[in-house]
Amino acid sequence: MTTKAYALPSDLSPATVTNTTSLLRIIALAFISGAAIASRLFAVINFESIIHEFDPWFNYRATRVLVADGFYEFWNWFDPTAWYPLGRVVGGTVYPGLMATSGVIYKILHALNLPVDIRNICVLLAPGFSSLTAWSTYMFTKELKDESAGLLAAAFIGIVPGYISRSVAGSYDNEAIAIFLLMFTFFNWIKALKTGSAFFGTIAALFYFYMVAAWGGYAFITNMIPLHALALLLMGRYSSRLYVAYSSWYAVGTLASMQVPFVGFQPVRTSEHMAALGVFGLLQIIAFAELVRSHVSSKQFQTLLYASVIGLGFLGTLAIIGLTYKGWIAPWTGRFYSLWDTGYAKKYIPIIASVSEHQPTAWPSFFMDLQFLIFLFPAGVVMCFRELRDEHVFVIIYAIVASYFAGVMVRLMLTLTPVVCVAAAIAFSTVLDTYINPVEPEAPADEAASSEVNSVASDVTNPSTPTPVSKKSKKAVKDSSASSTTGPFGDLVASVTSGKSGKKGERSFGVFGLDTRLVVIFHAIGMLIFFVWHCTWVTSNAYSSPSVVLASSNPDGSQHIIDDFREAYYWLRQNTPETAVVMSWWDYGYQIAGMADRPTLVDNNTWNNTHIATVGKAMSSSEEVAYPILRKHDVDYVLVIFGGLIGYSGDDINKFLWMVRIAQGVWPDEIQEPNYFTRKGEYKIDDEASPTMKNSLMYKMSYYRYAELFGGGQALDRVRGQQVPKTGPTLDYLDEAFTSENWIVRIYEVKKEDLLGRDLKSANAFAQGKKRKRTKPASRRKALL
Amino acid sequence: MQLSKWSRPQSWGFLFLVFCLGLLVNVGASSEPSFEENNVLIVHDPSVYDLSDPSSVPPQISSFLSELSGYENFKLTFKTYSEESLNLFIANEPIYNHLILLPSSKKTITDKVNFNQHQLIDFINQKGNVLVVGGSDAALPNDIRSFLNQLGIYPSPQHFKLVDHFNTEDGKVKLNNDNIVNKKVFAEFPDNSFLYEGSTALLSNNELLFPIVKGSKTSFTTDNLEEPISQDKTWTFGDQGFVAAGFQALNNARLSWIGDDSLLNSDLINWTFQKRNVLKLQFVQHYNNESPEKINETLYRIKDNVIYTVGISELKDNKWVPFEINDDEDRLQLSFKMLDPYQRLNLEPLGPVASNDGELDATAFFVNFTIPDQHVRHLANDEYKRSWDIPNSWVYFTSALCVAVLWGFFVLNFLFIGNTDNVKKNV
Amino acid sequence: MTPKATSTAKPQQATAAPNALESLLKAYNETTSSRLKTVDAFLVFLMLSGIVQFLYCILVTNFPFNAFLAGFSSCVGQFVLTASLRSQVNPANRAEFKDVSPERAFADFAMGSIVLHFFVFNFLG
């Protein structure tokens with residue numbers, strides 16, 4: 001009866017069709033996994049199998065301890081070489097999920113007699129788990145729309161740069177497994193909600209526990225699911241399924257999450273977890289009210305019950321607020337608080353503000369990380385509004401919340417990426433569905449709305465009343481829209497606001513002809529090809545740098561590898577005693593511990609602000625002030641990064657102001673930031689630099705003997721673009737121990753105290769033959785009575 | 001004999017600080033003084049005293065030299081300031097263990113290349129001991145003066161001498177035992193009286209420097225007795241002038257300076273050449289009170305009870321004997337610190353022990369203390385008190401067990417007993 | 001179902017409350033099967049146990065906190081799991097739980113309880 005734009009084979013049995021589609025789906029998923037893994041291997045192919053960046057080095061070291069010493073030792077590991085001399089209780093301050101995962105994989109592979117080195121497991125863990133992420137996104141989106149949207153979503157998240165940036169081979173960080181766990185937990189939650197089964201709720205709780213063990217960002221799930229439940233309650237969509245799903249998830253999940261030592265009692269004591277508890281309580285109250293309501297018929301009693309339910313809910317909220325005010329429940333911690341009040345961190349917690357990943361996101365990075373998904377994303381969210389089942393409410397909330405957070409902090413682009421992929425897949429899949437669907441509309445017979453066919457890429461609609469509108473879209477249906485035919489605008493409104501009804505029924509809107517279909521489909525395929533091209537380009541150029549090894553190109557175009565970091569760390573490893581303590585800025589702590597295997601003073605964990613401020617003070621002060629600090633902490637070597645010779649802009653002189661600020665936070669009398677600028681307020685390192693700047697240890701260590709490189713000519717600092725003064729700084733309390741090939745890493749040895757009790761500056765002056773004019777001592781001994 | 005360089009527990013530094021009033025000791029891996037050759041270089045100026053002519057040499061000097069040559073294994077070498085080649089080092093190794101500088105009449109030294117202030121500093125940095133003898137009429141060579149200034153000793157210029165109008169006898173200043181500041185190095189003046197004529201020195205605040213004999217309150221140093229006292233004509237005033245000073249470097253090399261050769265005595269000589277007031281740390285042991293068999297562990301936990309024991313010997317007459325603290329005011333202390341001095345504990349003597357199989361040559365001292373609540377290793381997850389040991393938690397225990405048990409019953413009931421699902425509804 | 005309902009009733013409904021309560025109990029007795037009554041009895045026990053622990057924690061001491069949390073969560077967790085089971089098994093709710101048959105509901109309940117108890121005992125000690 002219906003006309004088709006193109007012919008479909010009609011002799012296939014439904015069973016064959018189903019089997020073929022499942023086979024195609026499996027093959028597609030396999031290809032998607034392959035693509036996901038392959039596109040993350042650029043770094044391994046271009047350079048080597050090495051752990052990247054900074055944080056992964058600590059995770060790698062912890063995994064080595066776990067594999068070598070066993071789980072008990074790892075659980076109770078006290079690391080005396082980190083944060084010297086305080087040490088770090090690693091067992092209680094780390095999220096063990098990542099290390100445990102690698103450890104288990106290692107043990108399994110070794111049990112199968114495949115002796116894979118632990119380093120390779122760590123390097124390749126992230127790509128492996130990315131294919132699992134793709135699969136779980138497929139499952140998630142399947143619940144929202146259908147399998148085709150699921151495949152699209154899986155393909156998107158497999159190669160999208162926003163996720164790749166944190167999961168390339170070698171990026172052995174918590175996010176490698178956390179995003180998989182995030183999507184899988186959400187999938188289980190949606191499934192639990194749809195079926196009302198406590199089984200899926202328990203599975204969701206178990207994977208939530210795994211997520212808590214793996215990443216500090218688990219608080220996102222802890223607040224998303226209650227937010228979703230609350231939204232459903234407010235929409236009047238309370239149902240027993242919601243009760244079953246949420247209660248089983250919360251009860252088991254919260255108890256499980258408290259097993260992780262790092263989390264401990266936080267789920268009942270901190271504000272970040274109170275939302276979940278509050279919604280749990282609210283659900284119990286509402287469930288109870290529903291139960292009683294079904295037994296009681298008296299209207300008075302019902303109103304009474306409603307009033308008391310609301311009253312109890314209100315009281316509960318007041319109780320939580322009261323406990324927070326009294327201090328029994330901790331307020332939002334700095335890291336999360338700075339998401340709401342973005343100016344907070346810069347004023348009060350400079351360490352958080354100084355991390356480059358915590359800066360607000362710039363607009364171009366949205367496009368770079370997501371390409372055309374970012375403008376399909378709102379369309380997908382609107383589609384969710386049209387359907388508005390319980391799971392679509394979740395996606396809408398997730399989208400809004402994640403968009404806000406991604407705008408606040410660059411690092412949180414990662415949490416936005418999955419929902420963007422899902423929503424964009426829904427939108428894209430709807431487009432493809434509409435244009436691939438071979439059914440053509442009838443010739444225009446109804447007067448109502450046929451003439452105004454704007455080929456809006458909209459769903460099949462049914463403006464006339466006979467077919468009932470789906471009950472599921474309660475929120476969107478205004479009764480008027482279903483029955484009125486108030487002209488073209490009304491029909492357009494009707495087509496947008498009413499939900500998708502069944503496939504039966506008359507169609508007046510639709511797509512005619514094969515050519516329109518082909519145009520749109522080819523355009524869509526073209527967009528997909530551009531997307532793949534863009535993702536691959538971004539991945540290979542921007543996100544596949546190990547950052548331990550740098551690459552530049554020679555004049556003839558060949559690659560020139562800059563391996564200064566490893567050169568210096570291995571020098572430390574081979575030429576210093578094993579207990580030699582190294583001081584550097586906290587960025588490099590994990591790398592020094594991992595590659596040079598020496599005790600460090602501060603590292604990327606940044607848990608002790610005073611200790612970091614002490615290092616900052618030592619770096620910002622003159623040698624005389626810094627020397628006692630160095631000796632007090634038993635520092636043997638000081639390490640600085642200097643990029644002036646080759647133009648490496650991530651060096652310590654560029655980070656120097658943060659050291660000053662952090663030190664100033666603890667010693668505002670001794671260190672003041674304005675002292676390090678010129679009188680005009682500029683940050684200079686040439687002749688105009690302020691005396692405090694020129695005398696600071698960091699300046700001296702960076703530019704010591706730098707001018708000599710240029711043999712009398714103008715010494716240029718390539719990063720700052722300024723001329724370094726010809727007479728370089730002199731060092732009395734440190735000796736230069738090692739400078740790497742391109743002068744990126746400079747290591748200085750701290751001199752021991754003078755054997756004759758003099759201060760080193762005078763001792764040096766004497767040794768160089770400078771005569772002292774005084775013949776009497778500067779300070780006389782007090783009379784001994 | 002060997003000294004254990006004790007293994008440092010990794011997370012804090014054990015600083016062994018001996019805090020005694022005025023007791024200067026050599027601790028640690030010190031050289032064995034009496035078993036090797038002791039090469040002494042004596043530099044003198046023949047125009048001041050000619051050592052070949054005994055009559056021109058002051059009695060103190062000659063008795064000192066004869067005592068010195070009488071020591072076992074001491075080899076004396078005599079050189080003058082005006083020698084052509086006066087070197088202290090051969091290929092950067094010191095030739096001599098000890099150096100004695102007698103007064104000179106000239107301000108220069110002929111061999112400037114091999115014997116100057118830098119060489120002297122290097123000599124003491126390489127653990128050489130030095131004894132410098134001054135004199136009011138002697139001229140201190142410039143290099144030696146700069147060298148002494150670096151250490152913090154500022155001897156008075158030539159022709160300046162100590163004057164005290166209130167305590168004079170025979171034209172010399174009268175000193176008594178009250179002027180002796182450090183009785184451990186310089187015991188006493190015979191008959192509690194000493195007539196002194198010589199130069200003085202000012203001392204700086206260097207922590208390694210200590211005065212031995214000081215001038216009295218009414219004394220001062222000048223070169224001109226006729227004119228009245230004025231700031232630029234006097235070198236020292238009162239208690240701030242010292243006639244004998246000692247110095248011990250961080251590597252235990254010793255130096256002493258005296259303003260006149262009359263102050264030489266065997267106590268001072270023995271001290272300078274490391275024959276007395278030398279202690280040796282024979283062994284260090286620490287263990288947890290709970291498990292005394294594990295000695296010298298590298299990692300302790302908070303709240304551990306630790307017993308820390310050391311064995312100390314003193315050198316007496318070229319032999320190591322157990323060290324005894326005789327003075328009530330002296331204490332042997334252990335400073336246990338991490339970043340800030342955290343605990344300073346007195347060590348109690350236990351008695352003589354043998355550091356190796358042999359005679360009893362050391363005294364053992366010990367202290368028992370608790371490791372404070374700093375970030376040493378925390379309690380492991382199973383080292384906390386288990387719940388069933390805590391009475392408080394029995395309520396929760398019983399409740400949890402009840403729930404589990406009742407749940408079991410409930411499951412059984414649900415599955416097998418209560419079967420009816422449908423009920424007639426009356427409503 | 002329990003006296004708890006009446007504690008939330010306002011005083012001015014004093015006379016109406018006993019009537020409401022009676023009618024409530026009567027309605028309850030007649031409409032619920034014995035199976036559901038077993039479930040309800042278990043629920044009552046769990047609630048009482050939870051209240052006792054909570055009061056003990058507040059009034060006496062909250063050390064050791066982990067034991068309290070473990071015990072209390074076992075009551076609360078078991079309570080919600082059983083309540084879920086009840087709603088799933090209740091024939092009146094068949095329409096909502098299309099995918100979950102009563103047997104499946106029970107299996108879910110058993111699995112959830114076992115996982116819960118595992119974590120409880122791990123957390124206790």
Side-chain angles (χ1 to χ4, degrees), chain A residues 191-192 194-203 205-206 209 239-259 264-265 267-269 280-281 283-285 287-292 294-298 300-305 307-309 311-312 315 328, chain C residues 1-2 4-5 7-10 12-13 16-17 19-21 23-28 30-32 65-66 69-70 72-81 83-88 90 92-93 96-100 104-116 118-120 122-123:
Chain A
K191 202 82 176 134
K194 273 176 104 165
T195 58
S197 155
F199 170 72
F200 282 108
T202 313
I203 300 288
L206 282 176
F209 162 62
S239 64
S240 303
R241 288 175 293 114
L242 175 63
Y243 177 83
V244 172
Y246 189 85
S247 307
S248 54
W249 170 78
Y250 182 77
V252 181
T254 310
L255 180 63
S257 69
M258 291 198 272
Q259 312 293 318
F265 298 139
V268 291
R269 288 203 109 131
F280 182 66
L283 263 180
Q284 305 304 314
I285 297 173
F288 178 68
E290 288 289 312
L291 182 70
V292 170
S294 64
H295 289 288
V296 166
S297 51
S298 141
Q300 265 181 335
F301 201 80
Q302 280 192 19
T303 4
L304 189 67
L305 207 56
S308 57
V309 161
L312 264 180
L315 272 175
W328 209 84
Chain C
M1 156 173 131
T2 63
K4 202 173 162 201
S7 62
T8 64
K10 295 259 174 21
Q12 64 253 37
Q13 302 281 344
N19 290 337
L21 178 62
S23 67
L24 179 65
L25 283 178
K26 203 158 85 97
Y28 173 74
E30 286 164 0
T31 52
T32 47
F65 198 53
N66 62 318
L69 279 179
F72 191 64
S73 332
S74 85
C75 291
V76 169
Q78 194 64 68
F79 181 87
V80 298
L81 281 174
S84 315
L85 174 71
R86 186 188 195 282
S87 64
Q88 283 169 333
N90 194 348
N93 289 339
E96 264 202 76
F97 292 102
K98 283 194 278 289
D99 300 318
V100 183
R104 163 82 189 269
F106 184 74
D108 293 348
F109 165 76
M111 182 196 138
S113 307
I114 291 176
V115 171
L116 178 75
F118 169 71
F119 280 121
V120 162
N122 191 31
F123 202 42

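Protein chains get the first letters and strands the later ones, always in sequence-line order, with residue 1 at the start of each.
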Heavy-atom neighbours of F118(C) CZ exceed 12 at 6.0 Å: no

Ring geometry between F106(C) and F109(C) (parallel below 30°, tilted from 30 to 60°, perpendicular above 60°): tilted

Backbone N/O of V244(A) and side chain of S247(A): donor-acceptor pair under 3.5 Å: no

Between CD1 on residue I114(C) and CG on residue L81(C), distance to nearest 0.5 Å: 11.0 Å

Contact class of L206(A) relative to chain C, heavy atoms under 4.5 angstrom: side chain

Residue part contacting chain C, namely of F209(A), when any heavy atom lies under 4.5 Å: side chain

Leading residue by heavy atom contact count with chain C [cutoff under 4.5 Å; candidates G311(A), S240(A), G196(A), G201(A)]: S240(A)

Options S248(A), A251(A), S197(A), ranked by heavy-atom pairs under 4.5 Å with chain C, top entry: S197(A)

